[in-house]
Amino acid sequence: MIVLEKIKEKAKELLAENKVEVVLGFTRGTLPGKCTPYFARKVDEVENFVWEEGCNHNLANYLTKLSQKAAIIVKGCDSRSIINLIKENQITREQVYIIGGTCPSTGECPDCQHQEAVIADYKISEGEGAIEDSFQDVLEFEKLSPEARKEYFYKEASKCIRCYACRNACPACYCKECFVEENLPSWVGKTTGIGDNIIFHLTRAMHVAGRCIDCGACVRACPMGVNLSLLNRKMLKDVQEMFKNVSGLSLDTELALNEYKQDDSQKFLIGGE
Amino acid sequence: MAKYLLTKKDLLIWLKKLQQEYEVLAPVKEKKVYNFGHWDGKSLPDKSYQNTLKPPKDLFFPQHEILLKYKKVKGQRPIIKAADLPEEKRVIFGIRPCDAKSLSLLDKVFLGEEYQDPFYQARRLNTLIISLVCREPKESCFCTQPFSVEGSDIVLFELNDKYLVEPISEKGKNCFPSASYCEADFHIIDKIKEIKINTYEEIASADLTEKLDLIFDSPIWKELQEKCINCGVCSFLCPTCHCFDITDNQQGSKVRNWDSCMFSGFTKQASGHNPRPSGTERLRQRVMHKFKYFPDKYGVVACVGCGRCVEKCPVNLDIRQVLLQIKNGGEKLECRM
Amino acid sequence: MQNLYLPYQMRIEKIVEESPEKDLKTFELSFLDSQDAVDCKYLPGQFAEVSILGIGEAPFGIASAPCETGLVRFSVKKAGLFTENLHQAEVGDIIGLRGPLGNSWPLEKLKGKDIVIIGGGFAFTTLRSMIRFIIEPKNRKDFGQVDIVYGNRNPGQMLYKEELEEWLTRKDLNLHLTIDKPAEGWQNYVGFVPQITEQVIKPSHNAVSLVCGPPIMIKYTLPVLEKLGLNPERIYTSLEMKMKCGIGMCGRCNIGSKYVCKDGPVFSVAELEKLPSEY
């Protein structure tokens, strides 16, 4: 049976037996190559699901907003975000039924390490398993001079129009009130001047450090082509090296920056060891 | 109105001449994307130019603008000065007719009978709009008036290697040396018909406005917005969205910044009360504003069909589909894959 | 071209602490430039954007009346960042005023009519402006009988206490003050505004009512007024929404097709019934 048929069969079963009220997946979009999130609530709506190139949005993003018992069709990244959301008490494991598969839309992410769902109640396919991240892009970037690196990030941030699509597409950005919305008094200016833009992007990067799973949702959502990938991946690499922790792989280990250990690496501090 | 036939060379000479007096802005390509920028004086947009990523509104209503400057002096009255009005004379060349039309819609907001925004007004007065009719629509386009001259001072049609130039406004007529060129005959003008236009029927028609009147409290809004992530892509890339915020900064200026009805803080009051507390009310506001409230106030919908929101929505929440669903009560847009 | 965003510069002449809770102050402002006092012509019911440099702007209903020349008065409850800063201002400080903005109480439609004024809490400001306007000797003959119900949680929250004392003694208006619960020394009504309104107001066939107060008070007062024979065309209220520009451009204060800043803030209940209930 092909993967999509297995998805549909399971989704129908869950809805028909009232095990869930809604199934989150994708349906075909209105532009070539695009798929769009789809919420099936009736058995016959399940026929609209697709599982193909273009199914790339991180659906875990919607779970924190749903009050209903839901099933979700996930690929590697969505499943890793779900693990983090459960660990941060944003959702419960019981509240969500996970239909896990291998990402059908890796065209834009050739170096993806976790194409396959790492957590699932029902598996629709068996993938290759995880690949070690070589961080080749970050290693190259680290070789640049501080000025060159600054210039790169300033150039990226200068394109930003502060529409917050990156933040809103990110499952790790679940804050009810984001620091940019603080206005009594304001924490960060609303202009698109480089100063305000840099503060926004760097603060957000720090806030998702240790929780970001490099799904690329922020980069895909950006209408202006701001590439945050290197920034996020540098954080990822640092966390991995300093705390021996890759987030979103297991429900049993704590998120690196959510716990304190006496022997934690302090390399990130100025002068720290 | 008379149309004149120009070769590419004629066009370049005329634009170069304008450049002596005006700052000429044209679609400039960087990394596959076009935006308005300083014209290099020699190149014209090629076939890859469909439209600019950012709408032209920021050339008149910038995303960030200083309204006032002030200086506090201890023990004395503060010095408050209105920001200087922009004086630069500009030509915007190559703007698409849909976007030119969007300027006429913004005029209704910023140049009202009672109040006129001085900064917007100064830029509008100092700018000559030369629009370029599309050769073929994008996948995301849904304009129904590809030949609209509204908002344009001069309209250009591309015909193979030649251009048809049609001065529209008085300002346009004064800037175009029509005596130097031949008036195009009807055989040539007839070629305009070869330009491909999109097949969208008018989505935003009168019956839509009527329908919107009835469905304010309908559950359809909750359903329509379910996948919306409440970012500001659609409003910031929309050529007619004009909402803004005014704040004081710490550098002694009162500034305005674009704002969006999709953001939760937009209507949140100091008391904490928010008339539009969730995404449902906010999406409804955006659709209603464009297709009901704006027509109620100004007699025309606040959408020109440029398709930027369709193309750039991170979750492909397609406004065409939203409108069709409202209009047909559930029927969805046929997939065009 | 005049810059719409340029405020008049105003000097704080007097600050009145209105309540024992110290969360309510009335600011009396004078124009630094005398020409501004001539240019800034307003009507009861209009509002203005008050500004503090470096902090921002916020809209407030004008509490003074046009006949009180040379000064403009606002009563401000401490609620957010701006009002907290305004409350820290001192006599002699200079602040900004942009306005007047919005429509006013419907003066033309009120001429020759009996007026029923219902107010609650600190939203009494523009109603006070209206009352002050009516009792100005040259205006008084333009209006019929004037009945007022003004209620608060407790006596301390009453705005303009001295003036209310004087109004209680006037023959040309009937002022009914009420508080929610009995309090020591209180000699006026006790009860919620809708209830007292039903008790004391006997509107004539040509009466028009102006209502302003917290949403809950308005919600329960409107049916009472209708029961007393006032139809929705003859009841007016003033709305509050978050505002920025005040001139119908910035797009945030709309209720349906109406901008509260420009088409309002005063609407008849009949008009409101045609608008979506999104406020």
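Note that the coordinates shown come from a computational prediction; the quantities given were computed from them, not determined experimentally. First the proteins, then the strands, lettered A, B, ... as listed; each starts at 1.
Ranked by non-hydrogen atom pairs under 4.5 Å with chain B, the options C:K262, C:M249, C:K258 are led by C:M249. The residue among C:I247, C:L53, C:L32 with the most heavy atom pairs within less than 4.5 Å of chain B is C:L53. In terms of heavy-atom pairs under 4.5 angstrom with chain C, the leader among B:Q285, B:M288, B:K81 is B:Q285. When each of B:H242, B:Q251, B:R276, B:K72 is scored by its heavy-atom pairs under 4.5 Å with chain C, the top score falls to B:R276. Most heavy-atom pairs under 4.5 Å with chain C, from the set B:K292, B:H289, B:E281, B:K268: that is B:K268.
With a 4.5 Å cut-off on non-hydrogen atoms, B:E114 touches chain C through its side chain but not through its backbone. Looking at B:I80, both its backbone and its side chain come within 4.5 Å of chain C, counting heavy atoms on both sides. Both the backbone and the side chain of B:Y115 come within contact range of chain C, with heavy atoms under 4.5 Å apart. Contacts between C:I55 and chain B at a heavy-atom distance below 4.5 Å involve the backbone alone (N, CA, C, O). Contact of C:C253 with chain B is not made at all, since no heavy-atom distance falls under 4.5 Å. No part of B:N274 comes within reach of chain C, as not one of its non-hydrogen atoms sits under 4.5 angstrom from that chain.
The nearest pair of heavy atoms linking C:S257 to B:D296 is OG-OD2, 2.6 Å. Considering every non-hydrogen atom in both B:V109 and C:G248, the closest pair reads CG1-O, 4.4 Å. The two atoms that bring B:A82 and C:L6 nearest to each other are N-CD1, 3.7 Å, heavy atoms only. For the pair C:S51 and B:K254, the tightest heavy-atom approach, listed with the atom from each and the gap, is CB-NZ, 4.5 Å. A pairwise comparison of heavy atoms in C:C250 and B:F266 identifies O-CZ, 4.0 Å as the closest pair.
Ring planes of C:Y5 and B:F119: parallel class, angle under 30° (limits at 30 and 60°).
With rounding to the nearest 0.5 angstrom, the CD1 atom of B:I246 is 12.5 Å from the CE atom of C:M243. Taken from CG in C:N3 to CG in B:L85, the straight-line distance is 7.0 Å, to the nearest 0.5 Å. Distance check: C:Y279 OH to B:Q269 CD gives 12.5 Å after rounding to the nearest 0.5 Å. Between the CD1 atom of C:I255 and the OH atom of B:Y293 there is a distance of 10.0 Å, given to the nearest 0.5 Å. The CD atom of C:E57 sits 10.5 Å away from the OG1 atom of B:T247 when rounded to the nearest 0.5 Å. A distance of 6.0 Å separates CG of B:D217 from OG of C:S277, quoted to the nearest 0.5 Å.
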Inset, instruction - Just do the side chain to side chain contact (heavy atoms under 4.5 Å, CB included) check on B:K297 and C:D263 with the steps written out, would you? - result: CA-CA 11 Å; B:K297 245 186 159 54; C:D263 305 310; 2.8 Å; yes
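Between the side chain of C:K244 and the backbone N or O of B:F244 there is no donor-acceptor pair closer than 3.5 Å. For B:Y70 (side chain) and C:G54 (main-chain N/O), a donor-acceptor pair under 3.5 Å exists by modelled atom type. Between the side chain of C:R252 and the backbone N or O of B:T267 there is no donor-acceptor pair closer than 3.5 Å. Side chain of C:Q9 to main chain of B:R77: no donor-acceptor pair is present (N/O by atom type, distance under 3.5 Å, no hydrogens or angles). Looking at C:K242, its side chain never comes within 3.5 Å of a backbone N or O of B:A270 through a donor-acceptor pair.
Residue B:K171 qualifies as enclosed at atom NZ: its count of foreign heavy atoms under 6.0 Å is above 12. When the shell of 6.0 Å around CZ of B:F216 is examined, it contains more than 12 heavy atoms from other residues, nucleotides or ligands. Other residues, nucleotides and ligands contribute at most 12 non-hydrogen atoms within 6.0 Å of the CD atom of B:E87.
Taking 4.5 Å as the heavy-atom cut-off, none of the residues of residues 17-31 of chain C approach chain B. Among residues 76-89 of chain C, the residues having any heavy atom closer than 4.5 Å to a heavy atom of chain B are, in sequence order, C:A79, C:G80.
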